[in-house]
Amino acid sequence: MSTEPAARPPILRIEKLVKKFSERLILDQVDLAVQPGEVVVLLGPSGTGKSTLLRCINGLEEIQGGQVFFENRPVVANTKNVIDVRKHIGMIFQSFNLYPHLTALGNVMLAPMKVLKESRAEVEARARELFRKVRLEHRADAYPGQLSGGEQQRVAIARALAMNPSLLLFDEPTSALDPETVGDVLDVMEDLAREGRTMIVVTHEIGFARHVGDRIVFMDEGRIVEQGPPEVIIDAPVEERTRKFFGSILRE
Amino acid sequence: MQFDDNVAHYWRFFLSGTMTTLWISWLALMLGGAIGAIIAHMRLSRVGWLRAVAIVYTEFFRSIPPLMLFFFCYYGISYALGLNLNPFTSATLALTLTASSLMAEVVRAGIESVGRGQWLAAISAGMTPLQVFRYVIWPQALRVCLPPATGVYISTLKDSSVASVIGYIELTRSGLLIRETTGSSFDVFLIIATIYFVINYGLSLCGGALERRFRIVH
Ligand SMILES: Nc1ncnc2c1ncn2[C@@H]1O[C@H](COP(=O)(O)OP(=O)(O)O)[C@@H](O)[C@H]1O
Ligand SMILES: [Mg+2]
């Protein structure tokens, strides 16, 4: 997908977003638009506000300035409308957050049945399909506690997909994983990108950012410092801060 | 009336006392669980005055000795409100007040044991607050609450023996009456103590079993 002005309207539009915790400024005038089918990779030092930005997108945080529009609807925390918005936005967390009292299949089926009120048969068929997609068809009946981190994260991805979301938010999906299972999760995410899913991915996996990202957004101290295609932002950034960040990461 | 001083001949009386004790404690535990659950949610609410009411309720009723509560619920209420509560109603009320304050803390601990990530995941999936509680928080909290709830049942069972002071014929009161008839204190108290022990030890084993059964592997 390209980052040139698209004919289609953006699926997500963030304008002059300001987020404070008590008096501390966390996000400072953030502007961001995401086109359908685009994979945006959000990079930046920790404590910069990346997770907070994702939480503002699905209305989990009250904001102190600016606006967020998802599919042209305003996203405002603590309103009825925001619950509806969340049905269309899938979120994947660093710590998986699977429901430990339900099987993997139960995890995937819960929201479609209770939130979308779809029939069990319909949901189960779709869920089984998703387990194939994340390559875990043999683990559907296991409880989260019996799964490895990489397996849990793939179940979490299936759980998000079961809602047929039009936007997927990933918050450091591989940061809590053992190195040997990171690849399985990244492979699944790459498949999703190839299918044309719209995704915003916070990660420190530069390889993934480079090969899968359509656009890199580099953030520091609550601001977007610069953004553009991976080969520009990672290899030839303009800003000093961006250069320093990739300099230290790539040297590792 | 004929006197029979063989304690064993009063087994029906012991049995009905035991059943009464089990029943009134169970009733108080159920009512206390329901009220305690409401108090626990008030305590966790964002509304300041709801939290304040919950804290006062919990701290007050778990600090008052059961004897005071029985007197209050039996004599106090009839005196103050002109309501003539029978011993059963008064005893149930008194036991429920204590049990609910204990259950409030059990339920609160259960809900607080469910991590923030569970809320985030469920809310992000588009669930309403009630759905989050019903499908994600309560099922996990319940598993955490059950073992300590058997502890509350044990404590309520023991408190119920105090109901004998307002003339309610539960196990202890039955024993006291049998003692008056037979005159053999030692035998009677030994039997009663044994019954309490067997029940409470059994409950305690149940609590342990529940804990193993419902342990969630994270
Ligand atoms: N609930 C909160 N209350 C107060 N401060 C918070 C809260 N959540 C995050 N912060 C602060 O906001 C800043 C940005 O956090 P975060 O969005 O998690 O950064 P990142 O994901 O980029 O590491 C950090 O300094 C963090 O301490
Ligand atoms: Mg973060």
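Each chain gets a letter, A, B and so on, in the order its sequence line appears, and its residues count up from 1. What you see below is based on every heavy atom in this structure, not just the backbone, and it leaves out hydrogens, waters and symmetry mates. Computed from a predicted model, the values in this text were never measured in an experiment.
Annotation for A/P100 and B/Q140: closest pair CG-OE1, 3.3 Å, computed over non-hydrogen atoms. Between A/R159 and B/A121, the shortest heavy-atom distance links the atoms NH2-CB, 3.6 Å.
The main-chain N or O of B/Y135 is found under 3.5 Å from a side-chain atom of A/H101 such that the two form a donor-acceptor pair. A distance-only check finds a donor-acceptor pair linking the side chain of B/Q118 to the backbone of A/L98 [under 3.5 Å].
Between B/I123 and A/I83, the closest side-chain pair of non-hydrogen atoms is not below 4.5 Å.
Heavy atoms closer than 4.5 Å to chain B are found in both the backbone and the side chain of A/Y99. Contact of B/R134 with chain A is not made at all, since no heavy-atom distance falls under 4.5 Å.
Crowding of A/R120 atom CZ: a count of heavy atoms from other residues, nucleotides or ligands under 6.0 Å not exceeding 12. Crowding of B/F60 atom CZ: a count of heavy atoms from other residues, nucleotides or ligands under 6.0 Å not exceeding 12. Enclosure of atom OH in B/Y201 is not indicated, since only 12 or fewer non-hydrogen atoms of other residues, nucleotides or ligands lie within 6.0 angstrom. Within 6.0 Å of atom CE in B/M30, more than 12 heavy atoms from other residues, nucleotides or ligands are found, so the atom counts as buried in its surroundings.
Contact count versus chain B (heavy atoms, under 4.5 Å) is highest, among A/K80, A/K114, A/M163, for A/K114.
Here the CG-OG distance, from A/L60 to B/S124, works out to 4.5 Å after rounding to the nearest 0.5 Å. With rounding to the nearest 0.5 angstrom, the CD atom of B/Q131 is 8.5 Å from the CG atom of A/L110.
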